[in-house]
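First up is the structure itself, then whatever we jot down about it.
Note on naming: letters A, B, ... go to the chains in the order of the sequence lines (proteins, then strands), and numbering restarts at 1 for each one. It should be emphasised that the depicted structure is a prediction, and the values quoted were computed from it without experimental measurement. Because only heavy atoms are used, hydrogens play no part in the values below, and waters and symmetry mates are left out as well, while side chains stay in.
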Protein chains: 2
Amino acid sequence: MKLSGGVEWALHCCVVLTAATEPVPAARLAELHGVSATYLAKQLQSLSRAGLVHSVQGKAGGYVLTRAADDITVLDVVEAVEGPQPTFVCTEIRQRGPMATPASACTAPCAIARTMYAADRAWRAALREVSVADLSRMVGTDYEGDVLGQLGQWLRTVD
Amino acid sequence: MKLSGGVEWALHCCVVLTAATEPVPAARLAELHGVSATYLAKQLQSLSRAGLVHSVQGKAGGYVLTRAADDITVLDVVEAVEGPQPTFVCTEIRQRGPMATPASACTAPCAIARTMYAADRAWRAALREVSVADLSRMVGTDYEGDVLGQLGQWLRTVD
DNA sequence: GAGTGGATACTCGGATAGGATCTGTCCGAGTGTCACCGG
DNA sequence: CCGGTGACACTCGGACAGATCCTATCCGAGTATCCACTC
């Protein structure tokens, strides 16, 4: 029950893209965060497949957020990278063994599955309440100085 | 982000142990649920290490709940099998790269980590609200007939 | 000087190895039970 | 008939392979840019 490490990278990238005014290449994002460029590219591909970011090819290409940062929740990013599958999968072991309950009596999930599903919903609800724009605002207030502004400026500088 | 399959087995075993009046061997629990006996034993060892169940060796040995089912939460079982590690680990990538924020400004977790930790807390809180006794009661009301009574009787029968 | 064509350099995308964790299995250590033997 | 002793059978516990998923990497497909050439 450990979240993939790529989730953290993807979230940071989304926040950074908030401060960008033009497409940002994956290599640039990797350099900024000091992580593997090729592996980060894989995460960004996941975001692209999920429709959270739009990729533009060519010389001045890169990634751009497809919609407003307020309309992208943290849950969207997590599900894009991690997959939409639930954290708990019930294998219906109550229908196995010598004391198996008949399938006709198994219309509703069992008590254990209900409990796990409820916890899963609570987790997702907490992630859905926060948007990428919220994260961006938090970053802005956490530190002194215009961090996001400096970030946008660094993205525009050529090396 | 997928929960280990052994969690489901462990939870079912805890509910079954509620209906038992004497130690139940791992092999018996495996037969009841129709799962691998050796692998289930591994999960029960985790429960034993966590102090949720007490193991008695010898001929009439097996596993017994150490405390009242009301005092064992679902979270206890999940953490026993899955480990107490949080679902999200922050690698502090904000301190890396050319725009790294100095370590002196990183006294509090970053916005992303805070959000993920909050979701983790919500998930754990939902699991903590339900006890094994609650599960047992739910199972009793879900189906017609005294399912737990039949279960206890089956456990006492020798094959 | 303006337009056009092509070469170029840069970007993303999917297919490809390596490592770690989860799943599943095995055999040895420990203990209560039972039968047997002696008093 | 009762107590002691020994062997036994049954249990758990940790050490050992196999499978699956995560991590990391590479090379090919596609496109906007730039430059040279022509009109």
Exercise. Can you find a heavy atom in the side chain of B:L17 that is under 4.5 Å from one in the side chain of B:V64?
Worked result: no

Exercise. Can a side chain N or O of B:Y39 be found less than 4.0 Å away from OP1 or OP2 on C:dT25?
Worked result: no

Taking distance alone, no hydrogens or angles, what donor-acceptor pairs closer than 3.5 Å link side-chain atoms of residues 40-61 of chain A to residues at least two apart or in another chain?
unit_1 : atom_1 : unit_2 : atom_2 : d
A:Q43  : NE2    : A:Y39  : OH     : 3.2
A:S46  : OG     : A:K42  : O      : 3.4

Exercise. What string of B, S and - do you get for nucleotides 7-19 of chain C, 5' to 3', if B is base contact, S is sugar-phosphate-only contact and - is no contact with any protein heavy atom under 4.0 Å?
Worked result: ---SSBBBB----

Per-pair distances, 0.1 Å, donor-acceptor, side chain in residues 67-76 of chain B, under 3.5 Å, sequence neighbours excluded:
unit_1 : atom_1 : unit_2 : atom_2 : d
B:R67  : NE     : B:D71  : O      : 3.1
B:R67  : NH2    : B:D71  : O      : 3.3
B:R67  : NH2    : B:D76  : OD2    : 3.4
B:T73  : OG1    : B:L75  : N      : 3.4
B:T73  : OG1    : B:D76  : N      : 3.1
B:T73  : OG1    : B:D76  : OD2    : 3.1
B:D76  : OD2    : B:T73  : N      : 3.0

Exercise. Any Lys/Arg nitrogen of B:D142 or B:R137 sitting under 4.0 Å from an Asp/Glu carboxylate oxygen of the other?
Worked result: no

Can you list, pair by pair, the side-chain donor-acceptor contacts under 3.5 Å of residues 100-109 of chain A, counting residues two or more places apart and other chains?
unit_1 : atom_1 : unit_2 : atom_2 : d
A:T101 : OG1    : A:R94  : O      : 3.4

Seminar exercise, completed: In whole angstroms, the gap separating P of D:dA24 from CG of A:L40 amounts to 11 Å

Exercise. In whole Å, what is the span from the CE atom of A:M1 to the P atom of D:dC22?
Worked result: 13 Å

For this session: Indicate yes or no: at least one non-hydrogen side-chain atom of A:Y63 is less than 4.5 angstrom from one of A:P25.
Result: no

Seminar exercise, completed: note: A:K2, atom NZ; D:dT20, atom P; distance rounded to Å ~ 21 Å

Problem set entry | Contacts of type side chain to side chain contact (heavy atoms under 4.5 Å, CB included), residue A:D120, not counting sequence neighbours | A:P86, A:T87, A:W123, A:R124

For this session: Take atom CG of B:L29 and atom C1' of D:dC10, then tell me their distance rounded to the nearest Å.
Result: 16 Å

Exercise. Hey, is the main chain of A:T91 close enough, under 3.5 Å, to the side chain of B:E8 for a donor-acceptor pair?
Worked result: yes

For this session: Please list, by residue number, the residues of residues 74-91 of chain B whose heavy atoms come closer than 4.0 Å to an atom of DNA chain C; answer none if no residue qualifies.
Result: none

